[in-house]
Amino acid sequence: MAHPNRRDLGLLVLRVGTGAVLAAHGTQKLLGWFGGGGIEGTSKAMEAMGFHPPRESAIAAGLGEAGGGVLLALGLATPAAGAAAAGAMAGAVAVHAPAGFFAQAGGYEYPAFLGFTAAAIGITGAGRYSLDHATGHVLDRPWVVATAFLGTAIAAAAVVGRRAQEQASPAPEPESEPE
C-alpha cells in the first residue's frame, strides 16, 4: 500500500522545481537577474522576435514566467499560475518552432516541456503541502481552472496569431524622398 502523502510530496517537489525555473527565467526578463536583459533588453528581443508592442510583450512574458513560477512554487492560485506560465511558454514555443523540436538545434523542446508541466500542475492542483490547501482552495475551484485556461488560451492564440500574421506580411517599402 502506498504512503498516503507520496502524491502530495511529489506534487510539492514538482511545483517547487518547475516554479523556481520559471521564476528565474521571468526575473531575467523583468529585473535583469541571472544574466538577463531586464525590461529594456527583453523589449528589444521581443521586437526582434516580432512581438508588438515589445515592452508590453516583455512585461507580459516576464510576469507569466516569474509570477506564475512563484505562485506554482507556493501552491497558491495554482490553476491561474499554471495557465499563466503555460501561456508564456506558448509564446516561446512559437519563437522556437521554426528550428524544430530539439533544444540542441534551437527548437521548442524546453519551453514546451515547461509549458506542459505548468499546465499539468494547474489542472491537477497543488496538493496538500500548499497555500491553496491552507486557504481551503479558495483560489483553486473548478471554475477557476476553466476560466484561467480558457482566458490564457485565447490570449496566447491572439498574441501568437498576431505575431505570425505580422511575420507573414511583406515589410513595407521605405518611402523615397523626392528629389
Please enumerate all residues that pass side-chain hydrogen bond (donor to acceptor under 3.5 Å, both in side chains) together with Arg141, with sequence neighbours excluded.
none
For the pair Glu65 (side chain) and Ala23 (backbone), establish whether a donor and an acceptor sit closer than 3.5 Å, ignoring hydrogens and angles.
no
What's the verdict on side chain to side chain contact (heavy atoms under 4.5 Å, CB included) for Val144 and Leu139, showing C-alpha distance, side-chain angles and the deciding distance?
CA-CA 7 Å; Val144 176; Leu139 301 172; 5.6 Å; no
Going hydrophobic residue to hydrophobic residue with side-chain gaps under 4.5 angstrom, can you get from Leu114 over to Phe116?
no
Between Thr135 (side chain only) and Asp132 (backbone N and O only), is there a donor and an acceptor less than 3.5 Å apart?
yes
Any donor-acceptor pair under 3.5 Å linking the side chain of Arg162 with the backbone of His52?
yes
Shortest non-hydrogen separation from Ala119 to Ala86 and the atoms involved
CB-CB, 4.1 Å
Would you say the side-chain atoms of Ser130 pair up with the backbone N or O of Gly127, donor to acceptor, closer than 3.5 Å?
yes
Side chain to side chain contact (heavy atoms under 4.5 Å, CB included) assessment of Leu22 paired with Met89:
CA-CA 10 Å; Leu22 286 162; Met89 291 299 100; 4.2 Å; yes
Would you call the rings of His25 and Tyr110 parallel, tilted or perpendicular, where under 30° means parallel and over 60° means perpendicular?
tilted
Look at the side chain of Arg15 and the backbone N and O of Tyr129, then say whether any donor-acceptor pair between them is shorter than 3.5 Å.
yes
When every non-hydrogen atom of Ala94 is compared with those of Val160, the smallest separation belongs to CB-CG1, 3.7 Å
Would you say the side chain of Val93 lies within less than 4.5 Å of the side chain of Glu109, judging by non-hydrogen atoms?
no
Are Leu72 and Leu74 joined in one hydrophobic group, where the rule is that I, L, V, M, F, W and Y side chains link up if heavy atoms are under 4.5 Å apart?
no
Arg163 side chain to Met49 main-chain N or O, any donor-acceptor pair under 3.5 Å?
yes
Is there a path of hydrophobic side-chain contacts, each under 4.5 Å between heavy atoms, that joins Ile39 and Met46?
no
Partners of Thr117 by side-chain contact (heavy atoms from CB on, under 4.5 Å), sequence neighbours excluded?
Leu14, Thr18, Phe113, Ile121
Pair Phe34-Gln28, side chain to side chain contact (heavy atoms under 4.5 Å, CB included): steps then yes or no:
CA-CA 6 Å; Phe34 311 112; Gln28 286 181 308; 4.0 Å; yes
Please name the pair of heavy atoms, one in Val145 and one in Gly122, separated by the smallest distance, quoted to 0.1 Å.
CG2-O, 4.2 Å
Quick one: closest heavy-atom pair of Ala148 and Pro79, and the distance?
CB-O, 3.8 Å
Taking every heavy atom of Ala66 against every heavy atom of Leu30, the minimum-distance pair comes out as CB-CD1, 4.0 Å
Nearest heavy-atom pair of Gly75 and Ala126: which atoms, and what distance?
CA-CB, 3.7 Å
So CG of Leu9 and CZ of Arg6: to nearest 0.5 Å the spacing works out to 9.5 Å
Interatomic distance, CD1@Ile123 vs OG1@Thr78, rounded to 0.5 Å, equals 12.0 Å
Test log, rule side chain to side chain contact (heavy atoms under 4.5 Å, CB included), inputs Phe51 and Val95:
CA-CA 10 Å; Phe51 289 100; Val95 168; 3.4 Å; yes
What do the steps show when you test Arg55 against Glu40 for salt bridge (charged side-chain N to carboxylate O under 4.0 Å, His left out), and what is the final call?
CA-CA 8 Å; Arg55 183 173 179 81; Glu40 294 310 314; 2.8 Å; yes
Output yes when a side-chain donor or acceptor of Glu47 lies under 3.5 Å from a complementary backbone atom of Pro54, and no otherwise.
no
